[in-house]
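For the numbers below, each heavy atom of this structure counts, side chains included, while hydrogens, waters and symmetry mates do not.
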Amino acid sequence: QVQLVESGGGLVQAGGSLRLSCQVSGRTLSSWHMGWFRQAPGKERDFVAAIGWTGDRTSYADSVKGRFTISRDNAKNTVALQMNSLKPEDTAVYYCNAVDYTSRTPVFGSWGQGTQVTVSS
């Protein structure tokens, strides 16, 4: 059974940066496109970013394009999200999951606990 453990969140001022990490176990990471999603209070969980299984292509939600960078290390079974120029509207719980690259929808039925990102104005 796949396990997803997200970390790296925290409280940061607007304009600051954070780097999130996702450790995957129970699956061979290199077999999957991977992505990040986020859920703000009272809202649905939304797509943020995706990376192809070899790391050769990436895709971003318009709201984070140019500010966030997704990366992966298949040898370590980890996926990262570098977030720069953070805005208050980026405040959410962030989750990683395998992703259907075309539809930008999650693949694994289970989720990790997520990591809270709070951006103050």
Novice: Taking all atoms of both residues into account, what is the closest heavy-atom pair of Leu20 and Trp36, and its distance?
Specialist: CB-CH2, 3.7 Å

Novice: So, for Trp32 and Phe108, is the gap between ring centers shorter than 6.0 Å?
Specialist: yes

Novice: Is the backbone of Arg67 close enough, under 3.5 Å, to the side chain of Tyr60 for a donor and an acceptor to pair up by distance?
Specialist: no

Novice: Please check if the side chain of Thr115 supplies one atom and the backbone of Gly9 the other of a donor-acceptor pair under 3.5 Å.
Specialist: yes

Novice: If you look at every heavy atom in Leu4 and Ser110, which pair is closest and at what distance?
Specialist: CD1-O, 3.7 Å

Novice: Test your reading of the model: is there a side-chain donor-acceptor pair from Asn77 to the backbone of Val24, 3.5 Å cut-off?
Specialist: yes

Novice: Look at the side chain of Gln23 and the backbone N and O of Lys76, then say whether any donor-acceptor pair between them is shorter than 3.5 Å.
Specialist: yes

Novice: Ignoring hydrogens and geometry beyond distance, is a side-chain donor-acceptor pair present between Ser17 and Asn84 at under 3.5 Å?
Specialist: yes

Novice: If only side-chain N and O atoms count, and only distance matters, is there a donor-acceptor pair under 3.5 Å linking Arg104 with Ser59?
Specialist: yes

Novice: Determine, for Lys65 against Asp62, whether the closest basic-nitrogen to carboxylate-oxygen distance falls under 4.0 angstrom.
Specialist: yes

Novice: Does the side chain of Ser103 pick up a donor-acceptor pair with the side chain of Thr105 at under 3.5 Å?
Specialist: yes

Novice: Between the main-chain N or O of Val119 and the side-chain N or O of Thr91, is there a donor-acceptor pair closer than 3.5 Å?
Specialist: yes

Novice: Are there over 12 heavy-atom neighbours, none belonging to Glu89, within less than 6.0 Å of that residue's CD?
Specialist: yes

Novice: Looking at Gln113 and Glu6, would you say the former's side chain and the latter's main chain have a donor-acceptor pair under 3.5 Å?
Specialist: yes

Novice: Does Leu29 reach the side chain of Met34, with side-chain heavy atoms less than 4.5 Å apart?
Specialist: yes

Novice: Can the ring centres of Phe37 and Trp111 be said to be less than 6.0 Å apart?
Specialist: yes

Novice: Give me the atom names and distance for the closest heavy-atom approach of Ala14 to Ser121.
Specialist: CB-CA, 4.4 Å

Novice: Verify, without hydrogens or angle tests, whether Arg45 (side chain) and Tyr94 (backbone) share a donor-acceptor contact under 3.5 angstrom.
Specialist: no

Novice: Please assess Ile51 against Tyr101 for the test side chain to side chain contact (heavy atoms under 4.5 Å, CB included), listing each intermediate value before the final yes or no.
Specialist: CA-CA 8 Å; Ile51 185 166; Tyr101 199 89; 5.8 Å; no

Novice: Give a yes or no on whether the backbone of Trp53 and the side-chain of His33 come within a donor-acceptor separation of less than 3.5 Å.
Specialist: yes

Novice: Determine, for Tyr95 and Arg38, whether the Lys NZ or Arg CZ falls below 6.0 Å from the six-membered ring centre while staying within 45 degrees of the axis.
Specialist: no

